[in-house]
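Worksheet for the structure shown next.
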Amino acid sequence: MNAIDPFEPTEQADPLQPGSEEFMEELHVDAEQRTRSQELTTREHHLATSGNALLRADELVAGYIPGVNILNGCDFYVDDGEMVGIIGPNGAGKSTLLKALFGLVRVGSGTVILKNEDITNLRADRLVRQGLGFVPQTNNVFPSLTIEENLQMGAYLAPKQFKDRFDYVTGIFPRLGERRKQRASALSGGERQMLAMGRALMMEPSVLLLDEPSAGLSPALQDEVFVRVRDINKAGVTVIMVEQNARRCLQIVDRGYVLDQGRNAYTGTGRDLAHDPKVISLYLGTLGAERDEGTKG
Amino acid sequence: MNHTVTRIERRRWPALLLLLGVLTACFGLLAAPGNAAKEDLTGEISGVMRDAQGQPIAGVSFQVTNASGFTGSDISNRQGEWVVPIPGPGQYVVSLDPATLPAGVTLTNPERTSLTVSLLSNSKTVAFPTGAADTTRESFLDRFLQLAVDGLVFGLVIALAGVGLSMIFGTTGLTNFAHGEIVTLGALATFVFNNFIGLPFPLAVALAVVVCGLFGALNDWGLWKPLRKKGVSLIAMLVVSIGLGILLRYIYLFFFGGDTEQYASYSGQPGLALGPVDITPKVIIGSVVAILALVLTMMWLGLTRNGKASRAVSDNPALASASGINVERVINQVWIIGAALAGLSGALYSMSVGVNWLEGFQLLLLVFAGVVLGGLGTALGAIVGSLVVGVLLQISTLFLPTEMKTVGALLIMIIILLIRPQGLLGRRERVG
């Protein structure tokens, strides 16, 4: 499944949808040149704008296997209360960036800083204590535990506040409250995604990291997920979201990052990026040139 | 179980010598296959002659013959014991000379002065019951009930070891082949506390359980945690556990010796007759303790914060860590509980079979069978599977020779797994 769903309804309405193949190729070449020439300015832009960041990452180099880096000097920041989307073609390192922020992928060099504290390569359970919440893309619930127990695990570090948070989470996702005694393995894909988010919200995180929350869901459910994420953000939780569904993602985020080959290619507000021909070309380039390198995006 | 029990208790040869005997026999066969007629007396047929009151009878003459012309004989000694060395497995006729029985003692079945026995292994005990026939013990249903109760008792012993094995497998993926040695440690520690230090038996068992729990924590902390950290593969860890098991076994052999010993307390406790079932009070109390320990374990898993966390780690360690659970600490707790339960298993098992350096290892296959049968990684499954294995094992002696009982139970396990590959209580995961 690639970044752009051909049946997506917004596609026809998009005025910037390029018409011909030649146009696409031309833009693609242009985009690669721009990626190289603007490396420095992107870094400077990052340093200039990230002064008040809640969570920031500088020049991250990280990968799953020693010697094979997926991230090659990635910069990232998010301000308090902001909602940031990370998009990019398959294999660009979107999920890897998220996992590197959360200590699930070993960071070779570079730093991750939360509230002026270095949290690079800290164990995941320590990061939860520091106020980070993470929702993986797949395997994001405990299938043999009941829904209530899943949420209890979410509040593992603060069992006393379980009741309050349980009421809060089942307020956002009423279906979880109705089915609290059922095993998570009985849930559908959409319900699992809700439970996964609910579990991460149990600790009242200051930053919520979502790895492709809409993956594998029907368009109607995707919309529901995006609405919930927006609501969670409006309630004061800073959200970092990796998405394959780039257009939909850019519609709701405050700011977006476009990654390509483990580096920042572009950053800007969601609206700007959604209408930037270079960004669009990068995506079309993915469709045309099959840049999937077999790594997870 | 009673039959096995008495057989092991009465065996005079140390287990090590037996092992050596088997090995020599094997090598002998390999080296000189045509030399079978040569009389290497590697096996034995033995028994203990007692009167109806259980007192030993001395001076009874026994003769053992086989079709290829072997003859051997012995006369029971003052303990009533007699041993006839034999060339090895095969069919033998054992006969008792009724003329040598003391006055007033008759065989339960006076016609049955000679028995034909088949040996699959190198040794067998043969009993010639004396005194009036105990007709109540003859009915099929009564024997079935007795064996079912024996099986449940044995199943509880297997379950205690199996729950820990299953929990450790669930949280770490390790198939711990050294788990049987923790069982043995429980028995050895109880023996040391009870026999050498002279502590009361319940206290000795409690301390042995604590020792085993600490040993489990040490195991994880000193060996398995570092291996996990280095990313050693599960297969490699399995091989390490086999090596650790061998090491521990021979350490036990070195310090404890190859003999089977009895606890100082309650070793010769007479049985109670509850209807058709014979059972000793120590076994009843031991089984109650075992059930209590299993119920507490299930409550820990189902109701407590860390018990639930251990199930979460079994499901998905990365997600557990991302939920704020300190995965390594939970695994260490699982090791403590699993090893303590294994220790209790060994302490209780040895009340019936005596303390032996190999007992845990011999139990291990059945523990694996119980765990696999119940569904890998589920604690309740391990308990149910172990009870089924224990009962099947004993019941199968109604239809199979006692030597074959393990085979029968394992055969049934294979059949059940062919029908239910996920085990009795295992669940198939919903994918996607």
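In this text the structure is predicted, and so the values were computed from the model without any measurement. Every heavy atom of this structure was used, including side-chain atoms; hydrogens, water molecules and symmetry mates were not. Numbered from 1 within each chain, the chains take letters A, B, ... in sequence-line order.
Within the 4.5 angstrom heavy-atom criterion, only backbone atoms of A:Val141 (N, CA, C, O) approach chain B. Neither the backbone nor the side chain of A:Arg129 comes within contact range of chain B; no heavy atoms are under 4.5 Å apart.
Shown here is B:Ile235, whose CD1 atom has no more than 12 heavy atoms of other residues, nucleotides or ligands within 6.0 Å. At most 12 non-hydrogen atoms from other residues, nucleotides or ligands lie less than 6.0 angstrom from CG of A:Asn116. At most 12 non-hydrogen atoms from other residues, nucleotides or ligands lie less than 6.0 angstrom from CZ of B:Phe361. Within a 6.0 Å radius of CG in B:Leu418, more than 12 heavy atoms belonging to other residues, nucleotides or ligands are found.
Side-chain atoms of A:Asn139 never come within 3.5 Å of backbone atoms of B:Asn316 as a donor-acceptor pair (strictly under, hydrogens ignored). Looking only at distances, a side-chain donor or acceptor of B:Asp315 sits under 3.5 Å from a matching main-chain atom of A:Ser144.
The side-chain heavy atoms of B:Ser323 and A:Phe142, taken from C-beta on, include a pair separated by under 4.5 Å. Residues A:Arg123 and B:Asn326 form a side-chain contact, since some pair of their non-hydrogen atoms from C-beta on lies under 4.5 Å apart.
For the atom pair A:Asn150 CG and B:Lys308 NZ, the distance stands at 11.0 Å (nearest 0.5 Å). Rounding to the nearest 0.5 Å gives a distance of 8.5 Å between CG of A:Asp125 and CZ of B:Arg329.
In this structure, B:Arg305 is positioned above the aromatic face of A:Tyr156, its NZ or CZ under 6.0 Å from the six-membered ring centre and within 45° of the axis.
Scanning both residues, A:Arg199 and B:Ala322, for their nearest heavy atoms gives NH1-O, 3.9 Å.
If you tally non-hydrogen atom pairs under 4.5 Å between each of A:Pro136, A:Pro159, A:Ala196, A:Ala200 and chain B, the highest count goes to A:Pro159.
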